[in-house]
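A quick note: this is a predicted structure, and the numbers were derived from the prediction, not measured.
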Amino acid sequence: MKFVSEDNGNCRVYYREEKRLYCWQLDRPGQFQFFRCSNDGEPSHEVAPPSDTPPPPQETSIGRELADFLGKRDSSPAPGHP
């Protein structure tokens, strides 16, 4: 999964894996959903998020918010583990 761009206006951060485009989109403050996108960058349908999303460069507020979300998600204990 490779970072593509931050879209502050649409509250999305785009990533590409092979030829597929994906985005993390802000759902509500501090919460993101992961989507597969069409070639023109519009979210198509929600998919299971990858476990290894690299943080964005954080050049925009949406990038900083996603980096914070990913950091919290990655530091949370796995379900069933204290």
Side-chain angles (χ1 to χ4, degrees):
M1 180 95 17
K2 293 186 180 189
F3 170 79
V4 175
S5 66
E6 296 175 6
D7 182 349
N8 211 45
N10 287 313
C11 298
R12 298 178 191 147
V13 179
Y14 290 95
Y15 287 85
R16 187 172 295 281
E17 185 171 69
E18 297 179 17
K19 294 183 180 185
R20 294 187 177 128
L21 184 64
Y22 297 91
C23 74
W24 284 97
Q25 181 167 309
L26 187 64
D27 179 45
R28 60 186 184 275
Q31 295 296 314
F32 285 80
Q33 292 179 296
F34 191 68
F35 292 91
R36 173 129 184 233
C37 296
S38 63
N39 289 336
D40 63 354
E42 288 301 312
S44 170
H45 56 279
E46 190 173 2
V47 294
S51 59
D52 61 346
T53 303
Q58 303 173 48
E59 295 172 354
T60 63
S61 59
I62 196 65
R64 289 186 292 275
E65 197 165 345
L66 177 62
D68 185 49
F69 170 79
L70 293 173
K72 288 177 183 173
R73 181 186 75 148
D74 293 344
S75 65
S76 296
H81 294 86

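More than 12 heavy atoms of other residues, nucleotides or ligands lie within 6.0 Å of CG in D52, so this atom counts as buried by the packing criterion.
The same ILVMFWY cluster, assembled from side-chain heavy atoms under 4.5 Å apart, contains both L70 and F34. In the hydrophobic clustering of ILVMFWY residues, with side-chain heavy atoms under 4.5 Å counting as a link, F32 and V47 come out together.
Between R73 and P49 there is a side-chain heavy-atom pair separated by less than 4.5 Å.
Of all heavy-atom pairs spanning E46 and F35, the tightest one is N-CD2, 3.5 Å. When all heavy atoms of G30 and E65 are compared, the pair lying nearest together is N-OE2, 3.0 Å. Residues G63 and P56 approach most closely at O-CG, 3.3 Å, considering heavy atoms.
Under the rule for a side-chain hydrogen bond (donor to acceptor under 3.5 Å, both in side chains), the partners of D40 that lie at least two apart in sequence or sit in another chain are S38.
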Check residues 15-29 and write down every donor-acceptor pair under 3.5 Å in which the side-chain atom is one partner and the other belongs to a residue at least two apart or another chain.
| unit_1 | atom_1 | unit_2 | atom_2 | d |
| --- | --- | --- | --- | --- |
| Y15 | OH | P54 | O | 2.5 |
| R16 | NH1 | K19 | O | 3.3 |
| Q25 | OE1 | R12 | NE | 2.7 |

I'd like a table of donor-acceptor pairs (distance under 3.5 Å, sequence neighbours excluded) in which one partner is a side-chain atom from residues 2-9, with atom names and distances.
| unit_1 | atom_1 | unit_2 | atom_2 | d |
| --- | --- | --- | --- | --- |
| E6 | OE1 | E59 | N | 3.1 |
| E6 | OE1 | T60 | N | 2.8 |
| E6 | OE1 | T60 | OG1 | 2.6 |
| E6 | OE2 | Q58 | N | 2.8 |
| E6 | OE2 | E59 | N | 3.3 |
| D7 | OD1 | G9 | N | 3.3 |
| D7 | OD1 | N10 | N | 3.1 |
| D7 | OD2 | N10 | ND2 | 2.9 |
| N8 | OD1 | S61 | OG | 2.9 |
| N8 | OD1 | I62 | N | 2.9 |
| N8 | ND2 | S61 | OG | 3.3 |

Salt bridge (charged side-chain N to carboxylate O under 4.0 Å, His left out) between D68 and K72, intermediate numbers included: CA-CA 6 Å; D68 185 49; K72 288 177 183 173; 3.3 Å; yes
